[in-house]
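Scroll down for the structure; my scribbles are underneath it.
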Amino acid sequence: MASSQRYLRYVVVAVACLLVVFFFTSSSRLPAGSSNILSGHGFASPSKSDTTAKGDAAIDMGTSPVMSGLPPATIPGPRMNATFVTLARNSDVWEIARSIRQVEDRFNRKFNYDWVFLNDAEFDDTFKKVTSALTSGNTKYGKIPKEHWSFPEWIDTDKAAKVREDMKEKKIIYGDSISYRHMCRYESGFFFRHPLMLDYEWYWRVEPSVELFCDIDYDAFKFMADNGKKYSFVLSLYEYVETIPTLWDSVKGFIKANPQHIAKDNSMKFLSDDGGNTYNHCHFWSNFEIGNLNWLRSQPYIDFFNHLDKDGGFFYERWGDAPVHSIAAGLMLPKEEIHFFNDIAYYHVPFTHCPTGEQYRLDHKCHCNPKDNFDWQGYSCTARYYELNGMQKPEGYDHEA
Ligand SMILES: Nc1nc2c(ncn2[C@@H]2O[C@H](COP(=O)(O)OP(=O)(O)OP(=O)(O)O)[C@@H](O)[C@H]2O)c(=O)[nH]1
Ligand SMILES: [Mg+2]
């Protein structure tokens with residue numbers, strides 16, 4: 001019995017020795033990164049076979065990070081007094097997370113601008129945790145004051161309810177929604193006056209589930225400031241007529257009462273085909289905007305918003321903030337102050353702006369299909385914008401899409 005126990009002990013010791021030998025020999029076959037982790041460094045050293053050298057950067061086969069030859073993590077130079085701004089509900093968290101990730105990857109990781117989030121309810125911890133982890137700048141979370149997200153006292157709420165019923169029957173998108181109307185009115189007249197926004201001069205609006213398809217290597221805010229721009233767009237189209245039947249009447253009332261607010265060299269030709277008598281429904285799509293907050297806070301814009309608001313179309317119809325901002329910019333800014341960002345490749349369901357020009361797309365690592373570009377299609381107003389501004393359409397516009 002004793003000798004068989006001794007024999008068993010020999011067998012156990014032999015198996016243990018074999019396991020130790022196997023462990024050390026097999027660890028040398030692990031991928032480079034894993035062996036570094038085992039050796040306590042945590043930096044993957046690239047192996048020749050799976051690395052494409054960028055520029056002249058020498059490949060260091062050691063375990064420390066390569067310090068030379070890589071671009072800086074952020075671009076040096078002055079920053080503008082600017083912020084991203086997003087209106088969202090807590091339930092939008094994962095859709096806005098996708099948008100933030102794209103904006104950060106394509107632009108903001110180099111510039112680290114702040115991000116202001118606004119909501120008609122309190123933001124919850126998940127929303128704050130997820131969004132602040134994704135952003136490179138500071139994040140701020142604001143609650144919208146009740147008086148900016150409710151029916152003003154001059155609105156007949158029974159009449160507004162009747163309109164919603166009618167629009168529901170006609171199957172007009174968001175036609176029966178009260179919150180959508182508050183949202184459009186808020187984006188038209190209040191977001192730029194929220195206390196958190198008062199710290200800034202420039203904004204870039206970002207909505208849930210949007211995409212950016214190309215690298216943006218320069219500071220778009222600084223571009224706006226340096227070139228005297230106040231408002232910008234990437235997509236333009238015709239508004240759904242049923243949502244704004246009397247908007248242009250209200251605008252004409254404003255023009256008549258405030259001729260001093262109308263810019264001399266304006267973009268009326270973008271908005272109207274008959275010198276201002278009727279609206280052609282063209283507007284810049286406001287789910288993307290880079291703009292100047294001081295302009296929105298200026299007396300001409302506030303007078304414009306107040307005039308429209310008094311006429312009640314945010315509730316008696318379903319006026320969107322896109323035509324409201326666009327008409328304001330088109331009439332009250334000289335046309336040179338509106339900018340088309342051909343180089344910002346963008347998607348918001350269902351339209352894509354994919355920059356015309358193959359070399360640009362290659363140089364900026366774009367991943368949009370030029371065939372999806374909406375700019376030169378019949379329902380886009382961008383060709384009108386080019387015409388009005390005497391701009392040549394970019395090379396390739398007639399065969400890329
Ligand atoms: N806090 C809050 N945000 C809202 C509400 N409704 C819409 N929003 C936000 O307002 C912006 C515009 O709303 P969307 O629902 O995207 O409207 P849209 O772009 O016309 O329509 P979609 O095609 O659905 O995107 C988005 O940033 C939304 O997250 C709301 O009731 N409360
Ligand atoms: Mg949207």
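Read the numbers this way: they start at 1 and go in the same order the structure lists the ligands and their atoms. Starting from 1, each residue takes its place in the sequence as its number.
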Is there at least one pair of N or O atoms, one from [X] and one from ligand 1, spaced under 3.5 Å apart?
{"X": "Arg205", "answer": "no"}
{"X": "Arg89", "answer": "yes"}
{"X": "Asp92", "answer": "yes"}
{"X": "Val206", "answer": "no"}

(message) Heavy-atom contact check, 4.0 Å cutoff: does Asn287 meet ligand 1?
(response)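 It does not, in that no heavy atom of Asn287 comes within the 4.0 Å cut-off of ligand 1.
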(request) Assess Asn119 for proximity to ligand 1: is some non-hydrogen atom of it under 4.0 Å away? (result)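 It does, in that a heavy atom of Asn119 comes within the 4.0 Å cut-off of ligand 1.
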(request) Check whether the SG atoms of Cys354 and Cys366 are less than 2.5 Å apart, and answer yes or no. (result)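 In this structure, Cys354 and Cys366 share no disulfide.
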(message) Run the side-chain contact (heavy atoms from CB on, under 4.5 Å) test on Leu87 and Ile144 for me, step by step, so that the C-alpha distance in whole Å, both residues' side-chain angles and the decisive distance to 0.1 Å come before the verdict.
(response) CA-CA 10 Å; Leu87 176 65; Ile144 295 167; 3.5 Å; yes
Which atoms from ligand 1 have a heavy atom of [X] less than 4.0 Å away?
{"X": "Pro208", "value": "26 (C), 27 (O), 29 (O)"}
{"X": "Leu87", "value": "3 (N), 9 (C), 10 (O), 26 (C), 27 (O), 28 (C), 29 (O)"}
{"X": "Tyr174", "value": "15 (O), 21 (O), 22 (P), 24 (O)"}
{"X": "Ser179", "value": "31 (O)"}

(request) Return yes if some donor-acceptor pair links the side-chain N/O of Asp219 with the main-chain N/O of Phe221 below 3.5 Å, else return no. (result)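 Yes: the side chain of Asp219 pairs with the backbone of Phe221.
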(message) Using salt bridge (Lys or Arg N to Asp or Glu O under 4.0 Å), reason through Glu400 and Arg361 one step at a time and then give a plain yes or no.
(response) CA-CA 12 Å; Glu400 284 185 356; Arg361 293 194 300 271; 2.8 Å; yes
[atom]: which protein heavy atom is closest, and how many Å away?
{"atom": "atom 13 (O) of ligand 1", "value": "Met183 CE, 3.5 Å"}
{"atom": "atom 32 (N) of ligand 1", "value": "Asp120 OD1, 2.8 Å"}
{"atom": "atom 16 (O) of ligand 1", "value": "Glu207 OE1, 2.9 Å"}

(message) Is the contact between His348 and ligand 1 made by the side chain, the backbone, both, or neither, using heavy atoms and a 4.0 Å cut-off?
(response) side chain
(request) Measure from atom 18 (P) of ligand 1 to every heavy atom in Tyr186, Phe191, Tyr180 and give the option owning the shortest one. (result)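 Minimum heavy-atom distance to atom 18 (P) of ligand 1 goes to Tyr180.
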(message) Please compare Trp149, Phe117, Phe123 and report which has the shortest non-hydrogen distance to atom 30 (C) of ligand 1.
(response) Trp149
(request) Report yes if some heavy atom in the side chain of Phe340 is under 4.5 Å from a heavy atom in the side chain of Thr382; otherwise report no. (result) yes
(message) Strictly below 4.0 Å, N to O, side chains only: are Asp158 and Lys162 in salt-bridge contact?
(response) no
(message) Looking at Asp273 and Arg384, is there a salt bridge between them, counting it only when a charged N and a carboxylate O are closer than 4.0 Å?
(response) yes
(request) Could you check Lys365, His364, Arg106 and say which one makes a side-chain hydrogen bond (donor to acceptor under 3.5 Å, both in side chains) with Asp215? (result) Arg106
(request) Using the side-chain hydrogen bond (donor to acceptor under 3.5 Å, both in side chains) rule, pick out the option among Glu211, His353, Glu207 that qualifies with His348. (result)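 Answer after filtering Glu211, His353, Glu207: Glu207.
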(message) For N/O/S atoms only: which one belongs to Glu207 and is nearest the Mg ion (ligand 2)?
(response)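 Answer by atom name: OE1.
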(request) Verify side-chain contact (heavy atoms from CB on, under 4.5 Å) between Glu201 and Leu293, making sure each step is shown before the conclusion. (result) CA-CA 5 Å; Glu201 186 185 352; Leu293 292 160; 5.7 Å; no
(message) Between Cys214 and Cys368, is the disulfide (SG to SG under 2.5 Å) condition met? List the steps.
(response) CA-CA 8 Å; Cys214 302; Cys368 52; 4.8 Å; no
